[in-house]
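Note: hydrogens, waters and symmetry copies are ignored here, and every other heavy atom, side chains too, is used. Keep in mind it's a predicted model, so treat the numbers as computed, not measured. Chain letters run A, B, ... following the sequence lines, proteins first, then strands; residues in each count from 1.
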Amino acid sequence: MAQISLTFPDGNLRSYDAGVTAADVAQSIAPSLAKKAISATLDGAHIDLAWPIETDGAIAINTMADDAAALELIRHDLAHIMARAVQEIWPDVKVTIGPVRDQGWFYDFDRAEPFTPEDLAVIEDRMRRIINARDPVKTEIWDRARAIAHYEAKGEPFKVELINRIPGDEPLRMYWHGDWQDLCRGPHLQHTGQVPVDGFKLMNVAGAYWLGDSSRPMLQRIYGVAFRTKADLNAHLIMLEQAALRDHRKLGREMDLFHFQEEAPGRVFWHPNGWRIYTQLQDYMRRRQYGDGYVEVNTPQVVDRKLWVASGHWDNYQENMFIVEVEEEHAQQKAINALKPMNCPCHVQVFNQGLKSYRDLPLRMAEFGACNRYEPSGALHGLMRVRGFTQDDAHIFCTEDQIESETAKFITLLASVYSDLGFDSFEIKLSTRPEKRVGSEESWDYVEAALENAIKATGYPYEIDPGEGAFYGPKLDFKLTDAIGRQWQCGTFQVDPNLPERLDANYIGADSAKHRPFMLHRAILGSFERFIGILIENFAGKLPFWLAPRQVVVASIISDVDGFTLEVVEKLRAVGVRAEADTRNEKINYKVREHSLGKVPVILAIGAREVEDQTVSLRRLGDKHSRTLPLAEVLQQLADEARAPDQR
RNA sequence: GCCCUCAUAGCACAGCGGUAGUGCAGCAGUUUUGUAAACUGAAGGUCGGGAGUUCAAAUCUCUCUGGGGGCACCA
């Protein structure tokens with residue numbers, strides 16, 4: 001029999017008969033290891049203990065102590081155990097697929113009746129029974145015809161379709177958990193009892209299209225989460241509760257920032273507190289862009305169809321546009337306009353006014369552009385996905401050889417803005433030429449290289465996403481990471497030679513001839529609405545002092561001091577601090593509690609002693625204690641803090 | 001847009017066939033208070049809109065609108 005040699009993590013080399021399984025290998029090392037083993041890693045691939053190994057390689061035996069391998073197997077086995085439980089309870093349910101995902105797994109079922117929350121509890125109980133039965137897991141490779149015949153006989157049409165979609169040269173692997181059987185590429189645990197019986201929970205039911213295709217039937221997806229221990233599961237559930245506490249929709253209500261109502265779905269009614277955040281952020285961005293050589297413009301929100309036809313949006317983006325028909329008095333037919341979904345065509349119109357010289361380039365044209373997009377109703381989500389929003393948009397008109405330096409300049413600005421706003425880490429993704437594209441290969445080569453060189457020059461880490469660029473040019477996406485580790489794609493940078501072409505933008509070069517400029521679409525925040533949502537969640541409502549809508553509440557302890565309280569408020573306002581008085585007939589405890597819940601960063605309490613000494617008692621949000629300080633010192637300190645990061 | 005689900009006072013919720021309740025907020029009074037909820041009182045709701053079933057609907061059915069969880073979408 002042929003021999004193979006396997007290398008172990010400690011560097012040891014051992015020789016085995018070809019076809020040896022990882023279980024055999026584990027047994028050959030130590031019976032105790034064989035008992036603890038859950039899977040193996042062979043040349044980086046996660047393999048089942050039962051699979052035969054035919055070639056040399058580097059092997060490691062995994063146990064429950066191996067984080068990634070254990071979690072993957074637990075979650076994957078639970079997907080199958082759940083599917084088995086469902087079919088044991090409702091034999092007519094059709095099974096589809098059930099992958100591991102995020103902190104758990106899901107499995108999609110086809111069933112006429114919807115699953116209810118009560119059903120989930122019943123399924124969970126059945127799953128625990130299956131786990132406690134410690135049913136052995138076994139696997140076999142079947143040939144295609146046998147597998148298809150088997151599933152046709154069982155009445156599992158989705159499995160038949162799945163097999164037909166698997167490339168012909170791939171082996172079809174069958175798994176059994178006890179008597180229940182499923183098609184699966186594996187690997188799996190050795191028996192169901194290896195799954196921690198108290199480390200999982202079924203979370204919710206949701207609709208999901210078969211194969212992710214909205215023209216195919218909608219299935220019922222059950223989501224579950226799973227961990228190695230009950231403690232890990234509980235920690236995860238607590239984390240979810242904590243995340244819910246920073247939901248911007250909840251905080252928006254509690255802090256009186258904004259509201260939505262059904263007459264204007266997907267559009268924000270900003271309250272005074274929320275609008276202060278918005279204007280503060282916009283003022284900041286305006287200064288930063290001005291400092292980086294941008295000019296600011298403002299363009300119409302309602303524009304005739306002609307422009308959208310010329311820009312290509314009418315053909316490619318119409319279903320996302322709000323169309324406005326107007327009966328004009330003298331017109332033969334109705335005028336058809338659209339609310340702008342993007343600012344770029346309007347910016348080209350501004351560029352096209354007057355003849356431009358190469359000396360005018362690069363021309364960095366910014367607009368806090370109010371856009372409207374008809375987002376599908378199911379996509380709307382608080383401030384994060386709205387139908388009316390304002391972008392921190394700009395278009396840089398430039399020559400081809402300016403692309404690289406403009407890219408580097410933009411990344412530097414973006415990094416500085418993110419840092420000022422409290423986000424220290426972000427990732428760059430470079431999306432390159434897609435299959436369907438316009439433009440020459442040489443041009444794509446040049447522009448892609450310009451972007452990559454620019455990123456390298458700034459030194460920030462990046463990844464390449466092949467084929468994900470726009471049809472007209474490559475793009476950069478910038479994803480920042482928030483305080484609880486979630487990623488948000490905010491910044492974007494796209495190279496576009498297409499729109500200047502369509503809208504006939506040109507400039508006079510040094511050679512006195514007309515040339516076509518490039519257009520760089522770019523945004524740092526994305527939309528103010530969404531970014532403010534992200535800020536609220538990142539800081540759990542406790543915004544940095546300069547962004548906080550209410551910065552200071554000056555609270556009287558006794559009504560005799562109201563005069564001094566009002567005086568302090570006035571002095572704070574005079575030095576640029578957003579201050580308000582609380583002279584209500586309430587105890588100081590009550591006031592402190594209320595304003596703390598309202599996320600006011602600083603409370604200044606005033607009592608008789610403070611008036612006497614011209615001091616204030618300063619308490620910061622989250623602090624247990626207050627400090628008594630001279631008024632003059634506090635005024636100075638808070639005035640400094642109230643300045644935006646770029647003004648310090 | 002699709003599946004499931006929800007909609008009761010400003011907010012958080014209870015009521016689930018006999019015609020609406022609790023807490024907090026708000027209002028009025030008492031209290032002058034030292035760092036996360038003082039006390040008392042009187043108010044406050046066409047139970048999301050419309051239709052139907054019923055002697056009777058917040059409660060059951062249908063439908064529309066909006067929200068939530070997902071899926072699809074995000075040139």
Side-chain angles (χ1 to χ4, degrees), chain A residues 101 106 108-111 113-117 119-120 203-223 244 247 249-250 253-254 256 259-266 311-321 341-342 344 373-382 384-387 434 436 469-472 475 489 492 494 496 498-499 521 526-527 530 553 555-562 583-598 600 603-610 617-628:
Chain A
R101 217 186 75 159
F106 64 77
D108 289 347
F109 299 98
D110 183 40
R111 180 189 181 216
E113 292 286 301
F115 289 111
T116 64
D119 290 341
L120 293 189
M203 301 300 283
N204 56 323
V205 187
Y209 295 110
W210 169 233
L211 300 173
D213 182 343
S214 58
S215 68
R216 305 296 304 268
M218 184 154 269
L219 307 170
Q220 294 190 66
R221 174 172 296 180
I222 302 179
Y223 285 94
D247 188 310
R249 293 165 300 191
K250 177 180 157 70
R253 212 178 302 115
E254 289 171 0
D256 194 15
H259 83 272
F260 293 91
Q261 65 185 55
E262 66 177 67
E263 287 81 357
S311 70
H313 289 85
W314 196 258
D315 285 340
N316 297 313
Y317 204 68
Q318 195 180 153
E319 75 255 26
N320 290 297
M321 289 162 68
M342 294 169 199
C344 26
R373 294 182 189 171
Y374 185 78
E375 300 287 357
S377 58
L380 301 179
H381 181 89
M384 301 306 188
R385 189 86 178 264
V386 287
R387 288 179 175 160
K436 280 178 66 180
F471 70 89
Y472 47 75
K475 63 172 182 177
Q489 199 241 296
T492 181
Q494 295 188 28
D496 183 5
N498 181 61
L499 198 61
H521 307 254
S527 92
R530 178 164 176 271
V553 170
S556 298
I557 295 169
I558 50 169
S559 56
D560 286 352
V561 302
D562 285 353
T583 56
R584 292 176 303 170
N585 176 11
E586 296 289 353
K587 299 184 94 161
I588 192 65
N589 295 325
Y590 180 91
K591 296 181 182 183
V592 165
R593 174 179 155 83
E594 186 175 281
H595 298 127
S596 298
L597 290 173
V600 177
I603 298 169
L604 299 181
I606 309 278
R609 291 201 297 272
E610 284 75 15
S617 168
L618 184 150
R619 180 189 167 113
R620 288 190 185 267
L621 183 57
D623 281 0
K624 290 265 190 298
H625 302 289
S626 59
R627 287 189 306 150
T628 301

Participant: For RNA chain B, whose closest nucleotide is more 5', that of R619(A) or that of Q220(A)?
Facilitator: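 With R619(A) and Q220(A) compared, the 5'-side residue is Q220(A).
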Participant: Quick check on RNA chain B: between Y223(A) and I606(A), whose nearest nucleotide comes earlier from the 5' end?
Facilitator: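 Its nucleotide being nearer the 5' end, the pick is I606(A).
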Participant: Please classify the nucleic acid contact of I603(A) as base, sugar-phosphate, or nothing, using heavy-atom distances under 4.0 Å.
Facilitator: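 Here I603(A) touches no strand at all.
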Participant: Over all strands shown, is M342(A) touching base, sugar-phosphate only, or nothing at heavy-atom distances under 4.0 angstrom?
Facilitator: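 Touches a base.
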Participant: Which whole number of Å gives the distance between the P atom of U54(B) and that of C11(B)?
Facilitator: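 Result for the P pair: 36 Å, nearest Å.
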Participant: Answer yes or no: does atom CZ of R216(A) have more than 12 heavy-atom neighbours from other residues, nucleotides or ligands under 6.0 Å?
Facilitator: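 Buried by this count: over 12 neighbours within 6.0 Å.
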Participant: Give G598(A) one of three labels, base, sugar-phosphate or nothing, depending on what nucleic acid heavy atoms sit under 4.0 Å from its own.
Facilitator: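 Nothing, no heavy atom under 4.0 Å.
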Participant: In whole Å, what separates the C1' atom of G29(B) from that of A42(B)?
Facilitator: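 The same atom, C1', in both gives a distance of 10 Å.
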Participant: Under 4.0 Å between any heavy atoms, over every strand shown, what does G312(A) touch: base, sugar-phosphate, or nothing? Just pick one.
Facilitator: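 Nothing, no nucleic acid heavy atom in range.
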Participant: Measure CG/D110(A) against C1'/C3(B) and give the value in whole Å, please.
Facilitator: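 To the nearest whole Å, that distance equals 12 Å.
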Participant: With a non-hydrogen cut-off below 4.0 angstrom, is A206(A) in contact with a base, only sugar-phosphate, or nothing?
Facilitator: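 Base contact - A206(A) has a heavy atom under 4.0 Å of at least one base atom.
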Participant: Name the nucleic acid region contacted by E586(A), choosing base, sugar-phosphate or nothing; use a 4.0 angstrom heavy-atom cut-off, strictly under.
Facilitator: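 The residue E586(A) makes base contact.
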Participant: When we call it a touch if two heavy atoms are under 4.0 Å apart, what does R253(A) touch: a base, just sugar-phosphate, or nothing?
Facilitator: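 The residue R253(A) makes sugar-phosphate contact but no base contact.
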Participant: Could you tell me how far A56(B) sits from A72(B) if I compare only their P atoms? Round to whole Å.
Facilitator: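 To the nearest whole Å, 48 Å.
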Participant: Figure out the CG/C1' separation between L211(A) and C71(B), and round it to whole Å.
Facilitator: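 Spelled out: CG on L211(A) to C1' on C71(B) is 13 Å.
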Participant: For the residue pair F260(A) and V386(A), establish whether any side-chain heavy-atom pair is separated by less than 4.5 Å.
Facilitator: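 In short, these two side chains touch, coming nearer than 4.5 Å.
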Participant: For I222(A) and G70(B), give me the distance from atom CD1 to atom P, rounded to whole Å.
Facilitator: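 Computing the I222(A):CD1 to G70(B):P distance gives 16 Å.
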Participant: Nearest whole Å is fine: how far is U32(B) P from R584(A) CZ?
Facilitator: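 Distance check: R584(A) CZ to U32(B) P gives 18 Å.
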Participant: Rounding to an integer number of Å, can you tell me how far E375(A) CD sits from G66(B) C1'?
Facilitator: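 Taking atom C1' of G66(B) as the reference, CD of E375(A) is at 17 Å.
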Participant: Would you indicate what P376(A) reaches in the nucleic acid, counting non-hydrogen atoms under 4.0 angstrom: base, sugar-phosphate, or nothing?
Facilitator: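 Base: the residue P376(A), judged by heavy atoms under 4.0 Å, touches a nucleobase.
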Participant: What is the distance from CZ of R373(A) to P of C74(B), rounded to the nearest Å?
Facilitator: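 Atom CZ in R373(A) sits about 12 Å away from atom P in C74(B).
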Participant: So what does I557(A) touch, heavy atoms closer than 4.0 Å: a base, only the sugar-phosphate, or nothing?
Facilitator: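 Counting heavy atoms under 4.0 Å across all strands, the contact made by I557(A) includes a base.
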Participant: Whole Å only: how far is the OH atom of Y209(A) from the P atom of C3(B)?
Facilitator: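 Going from Y209(A) (OH) to C3(B) (P), I get 8 Å.
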Participant: When the C1' atoms of G48(B) and A9(B) are compared, how many Å lie between them, rounded to an integer?
Facilitator: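 Per the computed distance, 14 Å lies between those C1' atoms.
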Participant: Determine the Euclidean distance between corresponding P atoms of U61(B) and U5(B); express it in Å to zero decimal places.
Facilitator: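 Rounded to whole Å, the distance is 11 Å.
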Participant: Give E319(A) one of three labels, base, sugar-phosphate or nothing, depending on what nucleic acid heavy atoms sit under 4.0 Å from its own.
Facilitator: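 Nothing: the residue E319(A), judged by heavy atoms under 4.0 Å, touches no strand.
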Participant: With side chains defined as the heavy atoms from C-beta onward, is the minimum distance between Y223(A) and R101(A) less than 4.5 Å?
Facilitator: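 When only atoms from C-beta onward are counted, R101(A) and Y223(A) do touch, with a gap below 4.5 Å.
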Participant: G69(B), OP1 or OP2 - any side-chain N/O from R249(A) closer than 4.0 Å?
Facilitator: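 True: R249(A) side-chain N/O within range (under 4.0 Å) of G69(B) OP1/OP2.
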Participant: Mind checking the C1' distance from G68(B) to C27(B)? Whole angstroms is fine.
Facilitator: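 34 Å, rounded to whole Å.
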Participant: Categorize A608(A) for me: base, sugar-phosphate, or nothing, with a 4.0 angstrom heavy-atom threshold over every strand shown.
Facilitator: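 Base contact.
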Participant: How would you label the contact of Y590(A) with the nucleic acid (heavy atoms, under 4.0 Å): base, sugar-phosphate, or nothing?
Facilitator: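 If one applies the 4.0 Å heavy-atom cut-off, Y590(A) turns out to touch the sugar-phosphate alone, with no base involved.
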Participant: Between U8(B) and G23(B), how far is it from one C1' atom to the other, in whole Å?
Facilitator: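 To the nearest whole Å, 15 Å.
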Participant: Within the modelled atom types, does a donor on one side and an acceptor on the other bring the side chain of R216(A) and the base of A72(B) under 3.5 Å apart?
Facilitator: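 Result: no qualifying N/O pair found.
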Participant: Please state whether the phosphate of G10(B), meaning OP1 or OP2, lies under 4.0 angstrom from any side-chain nitrogen or oxygen of H259(A).
Facilitator: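 So the side-chain polar atoms of H259(A) never come under 4.0 Å of the phosphate oxygens OP1 or OP2 of G10(B).
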Participant: Give one of base, sugar-phosphate or nothing for H595(A), where a contact means two heavy atoms less than 4.0 Å apart.
Facilitator: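 Nothing: the residue H595(A), judged by heavy atoms under 4.0 Å, touches no strand.
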Participant: How close or far is atom C1' of U33(B) from atom CD1 of I558(A), stated in whole angstroms?
Facilitator: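 So the CD1-C1' distance, I558(A) to U33(B), works out to 8 Å.
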Participant: Could you measure between the two C1' atoms, the one in U32(B) and the one in G45(B), and give it in whole Å?
Facilitator: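 Nearest-Å result for U32(B) against G45(B) at atom C1': 36 Å.
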